Protein chains: 2
Amino acid sequence: MKNKVTIKDIAKALGVSISTVSRALKDHPDISESTKTLIKNFAQEINYRPNVLALSLRQQKSHTIGLIIPEIVHHFFSSVISGMEDLSYREGYNIIICQSTENQFREAAALQTLIDHRVDGILISLSKSTQNFSQFKKAIEEGFPMVFFDRICESVETDRVIMDDTEGGRLATEYLIDKGCSNILHLAASSHLLIGRYRRDGYIQALKDHHLPIKEELILKCDTQEEVLTLQNHLYELLPQIDGVFAVNDSTAIALIQILKKKGYRIPQDIRVVGFGDGPNATIVEPALTTIEQKGYDMGRESVRLLLQRLNNPSASISYQTRVFPPTLKIRESA
Amino acid sequence: MKNKVTIKDIAKALGVSISTVSRALKDHPDISESTKTLIKNFAQEINYRPNVLALSLRQQKSHTIGLIIPEIVHHFFSSVISGMEDLSYREGYNIIICQSTENQFREAAALQTLIDHRVDGILISLSKSTQNFSQFKKAIEEGFPMVFFDRICESVETDRVIMDDTEGGRLATEYLIDKGCSNILHLAASSHLLIGRYRRDGYIQALKDHHLPIKEELILKCDTQEEVLTLQNHLYELLPQIDGVFAVNDSTAIALIQILKKKGYRIPQDIRVVGFGDGPNATIVEPALTTIEQKGYDMGRESVRLLLQRLNNPSASISYQTRVFPPTLKIRESA
DNA sequence: ATCGATATCGCAAACGTTTGCATCAAGCAA
DNA sequence: TTGCTTGATGCAAACGTTTGCGATATCGAT
């Protein structure tokens, strides 16, 4: 931060004007070749680097994009970040990262901070607790480019990158049915979380498709490892009547497998289990988890692709797009 | 980014000067209470937000810190990021994240980008491939605040946050010895990676302490899941003569356990295995992995604490500090 | 009435760039 | 010589702030 050399220093040292230096450095045709090389060489020599802050202020463009993410320590999300970083790096953008920790107030603060920082656009996956979307709507109405990924909100019109959660839920459940299960427990996410609702919808649809009864008591809100443990006893009571489980994510599926095994259940012989996510744990648990693959890295890339596309299209000509990633069932041993 | 209201707009609307608005908004004593409330209310009303870019440029301080990290998708590193983000959020700083993907050129580019962005300081964990540290040294000499964490470099003098890897390696190995192992294989990281060397040093020290022979052929460079698979045959040849394994990280330990089990070895009865890291996988693999705990979140927090401490101490008065986190052995079932 | 103190406020420079426009000299045609 | 074009460069405003200093008005004290 100290004694950084500026364009002004170059001008003074070479006895030319600031504007000449500026133009020379970016090959403006008005500047003679001789002064250009003179200035360029000198700049190189003293290791001149433009001040991005000043640039951003001047051109009203920061080449920075903001990211709001629920939890960084989460395989899916960190994969998403990785994909985002990779692509934006290639495109000359930087990412400012904010973690909402599933807290809507912190999420709101993050949005404000990012806007204050004049990021060119924002990538966001909603926190579980967010119920009020007015600030997002307002930002978008004001023309702030924003793309929602994974945890989106249907009521705000904008670009989106999601996967087909309904189809994922359907696929998972149908596979269980095909394997002969008829009493399938669904460990679900909170119903106001869209992805949770969709996955449940898929579960229900598969049951309907195969003319199986939908039993409310077999849909249990339970979407974390911890929750599996707290609901342990209730789960044990349910067990005798079920022969398959579709869990809303891998970690609950795995936690469930662990307590099932402790009770002596054999998987998949006694109970079949399928998860959602296909994180690295899926191949470590025994039996290896059959689960829905979720392409975090690709979704991350696609999100910034969509954002940049909008940034580079000055006019709001193109209508909002929704990219849907198809789910794939990774068949392993647990079902 | 569009029609953002500025301090100038407020001035014009209220018929006062720009400086008055600026001072009023920050409670400068020169401004009368009446104009203060007038201006503040108006600013609130039209939802004025200062332009952080302009601020940063003016005060030569961006309230932003740069992070260079090898791989985001890695439990330890994502925990570190999480801790960093949490603390810097509290302290009013933002984080710009760059991923080196274990590539020294990309790492160098990231450093330059961050400096160009005038971040107030940099947090970095070196890529595996980095051998040339001149740019870091230069940056530090120029007074750029930088703290290295985990993957540090001894030859550059700066603040550091590490864990006692030697002690970790010693602890792990000694535990194996205590359990009766005398032929212990070490799956090691590349020796130019400092943490790899230290963990190996700890391994050797434990052997020496207990008067066990150090066999070079039992130290194998193998630090990823993939490498375990490629070295599979070589490992199988080694197996008959060993009764314990200390792996440089959890994922190799787990990969090893998996191929051991495939060969019919019982763990820990036939071979004891201890890992390093204590990620979420450690409790999923069977048998649960005995491993060295690595406090990523805390190390992340401590890193920004150290950095902010230096930022807030204008003079370079305080000498460089190295924070060392003590390792803890998490005893489970694999050893 | 004069003076100094005090309270309020505005001017303008500065942070590091970019860029429209003006300037100036040289060259050339008439 | 005059006038016009062309090539090369500099001036200054602008991006949105902060801040040292000067300006003005008010007021009590002498």
Side-chain angles (χ1 to χ4, degrees), chain A residues 1-40 42-43 46-64 92 112-113 115-120, chain B residues 1-40 42-43 46-64 92 112-113 115-120:
Chain A
M1 208 61 175
K2 44 192 49 171
N3 33 311
K4 261 298 192 184
V5 35
T6 78
I7 217 177
K8 209 181 287 185
D9 301 326
I10 301 185
K12 203 176 302 170
L14 261 42
V16 295
S17 80
I18 294 181
S19 21
T20 303
V21 177
S22 172
R23 284 192 254 258
L25 289 177
K26 48 190 41 178
D27 266 328
H28 193 288
D30 271 5
I31 307 296
S32 71
E33 279 308 321
S34 57
T35 40
K36 265 187 194 171
T37 50
L38 174 70
I39 292 178
K40 283 184 182 174
F42 185 71
I46 63 175
N47 195 24
Y48 165 76
R49 301 246 87 212
N51 185 325
V52 177
L53 256 43
L55 266 175
S56 304
L57 180 61
R58 172 63 220 239
Q59 5 222 45
Q60 301 286 75
K61 176 139 177 55
S62 64
H63 278 272
T64 296
Q112 193 54 262
T113 306
I115 293 180
D116 289 355
H117 268 262
R118 299 299 188 272
V119 295
D120 294 334
Chain B
M1 207 61 175
K2 45 191 48 170
N3 34 313
K4 260 299 192 183
V5 34
T6 76
I7 218 178
K8 209 181 286 186
D9 299 326
I10 302 185
K12 203 176 301 171
L14 262 43
V16 295
S17 80
I18 293 180
S19 19
T20 301
V21 177
S22 171
R23 284 193 254 260
L25 289 177
K26 46 191 40 177
D27 266 328
H28 193 287
D30 270 8
I31 308 296
S32 72
E33 279 308 321
S34 56
T35 38
K36 267 187 195 172
T37 50
L38 173 70
I39 292 178
K40 284 182 181 175
F42 185 72
I46 63 176
N47 195 24
Y48 165 77
R49 300 248 85 211
N51 185 324
V52 176
L53 257 43
L55 264 175
S56 303
L57 180 60
R58 171 66 220 234
Q59 6 221 43
Q60 301 285 74
K61 177 140 176 58
S62 64
H63 279 272
T64 295
Q112 193 54 261
T113 307
I115 293 181
D116 288 355
H117 269 262
R118 300 299 189 271
V119 295
D120 294 334

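The figures that follow rest on heavy atoms only: side chains count, while hydrogens, waters and symmetry mates do not. Below, read A as the first sequence line, B as the second, and so on, with proteins coming before strands; counting in each chain starts at 1. Bear in mind the structure is a predicted one, so any value in this text is a computation, not a measurement.
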Problem set entry | Donor/acceptor link under 3.5 angstrom from B:Ser56 side chain onto base of C:dC15 | no
For this session: Indicate whether OP1 or OP2 belonging to D:dT17 is found under 4.0 Å from a side-chain N or O atom of B:Ser22.
Result: no
Exercise. Can you tell me how far P of D:dG7 sits from NZ of A:Lys36, to the nearest Å?
Worked result: 13 Å
Exercise. Touch check for A:Ser32, heavy atoms < 4.0 angstrom, all strands: base, sugar-phosphate only, or nothing?
Worked result: sugar-phosphate
Seminar exercise, completed: Atom CG of A:Asp120 and atom P of D:dC15 are separated, to the nearest Å, by 18 Å
For this session: Could you check B:Ser17 against A:Leu57 and say which one's nearest nucleotide on DNA chain C is further toward the 5' end?
Result: B:Ser17
For this session: Figure out the CD1/P separation between A:Ile18 and C:dT17, and round it to whole Å.
Result: 9 Å
For this session: Let me know the distance between CG of A:Leu53 and P of D:dT17, rounded to the nearest Å.
Result: 14 Å
Exercise. Rounded to the nearest Å, what distance is computed from the NE2 atom of residue B:His28 to the P atom of nucleotide C:dG10?
Worked result: 14 Å
Problem set entry | Nucleotide of D:dG10, C:dT17, D:dT17 approaching B:Pro50 most closely (side-chain heavy atoms) | D:dT17
Seminar exercise, completed: From the candidates C:dG10, C:dT17, D:dG10, the one with an atom nearest any side-chain atom of B:Val16 is C:dG10
For this session: Go through the N and O atoms of the side chain of A:Arg23 and the base of C:dG20, and report whether any donor-acceptor pair is under 3.5 Å.
Result: yes
For this session: Would you mind classifying the nucleic acid contact of B:Asn51 as base, sugar-phosphate or nothing, using non-hydrogen atoms under 4.0 angstrom?
Result: sugar-phosphate
Exercise. Going by heavy atoms in the side chains, are A:Ile115 and B:Lys4 under 4.5 Å from each other?
Worked result: yes
Exercise. Does B:Lys26 have a side-chain nitrogen or oxygen under 4.0 Å from the phosphate oxygens OP1 or OP2 of D:dT17?
Worked result: no
Exercise. Between A:Leu14 and A:Val21, is any pair of side-chain heavy atoms under 4.5 Å apart?
Worked result: no
Exercise. Which part of the nucleic acid, if any, lies within reach of A:Thr6 when heavy atoms closer than 4.0 Å are counted: base, sugar-phosphate only, or nothing?
Worked result: sugar-phosphate
Exercise. In whole Å, what is the span from the CD atom of A:Gln59 to the C1' atom of D:dA14?
Worked result: 12 Å
Problem set entry | Spatial distance of atom CD (B:Glu33) from atom NZ (B:Lys40) [nearest 0.5 Å] | 7.0 Å
Problem set entry | Side-chain N or O of A:Thr35 closer than 4.0 Å to phosphate OP1/OP2 of D:dT9 | yes
For this session: Quick one: pull up CD in B:Gln112 and NE2 in B:His117 and give me the separation to the nearest 0.5 Å.
Result: 11.0 Å
For this session: Consider the side chain of B:Asp30, meaning its heavy atoms from C-beta on, and name the nucleotide among C:dG10, D:dT17, C:dC9 that approaches it most closely.
Result: C:dC9
Problem set entry | Under 4.0 angstrom between B:Lys8 side-chain N/O and D:dC15 OP1 or OP2 | yes
Exercise. Quick one: A:Glu33 CD to D:dG7 C1', roughly how many Å, whole number?
Worked result: 13 Å
Exercise. For A:Asp120 and A:Lys61, what are the C-alpha separation, side-chain angles and deciding distance, and is it a side-chain contact (heavy atoms from CB on, under 4.5 Å)?
Worked result: CA-CA 6 Å; A:Asp120 294 334; A:Lys61 176 139 177 55; 3.0 Å; yes
Exercise. Looking at C:dG16, does its base get a donor-acceptor pair with the side chain of A:Arg49 below 3.5 Å?
Worked result: no
Exercise. Taking atom P of D:dT19 as reference, at what distance in whole Å does atom CD of B:Gln60 sit?
Worked result: 12 Å
Exercise. Are the side chain of A:Lys36 and the backbone N or O of A:His28 linked by a donor-acceptor pair below 3.5 Å?
Worked result: yes
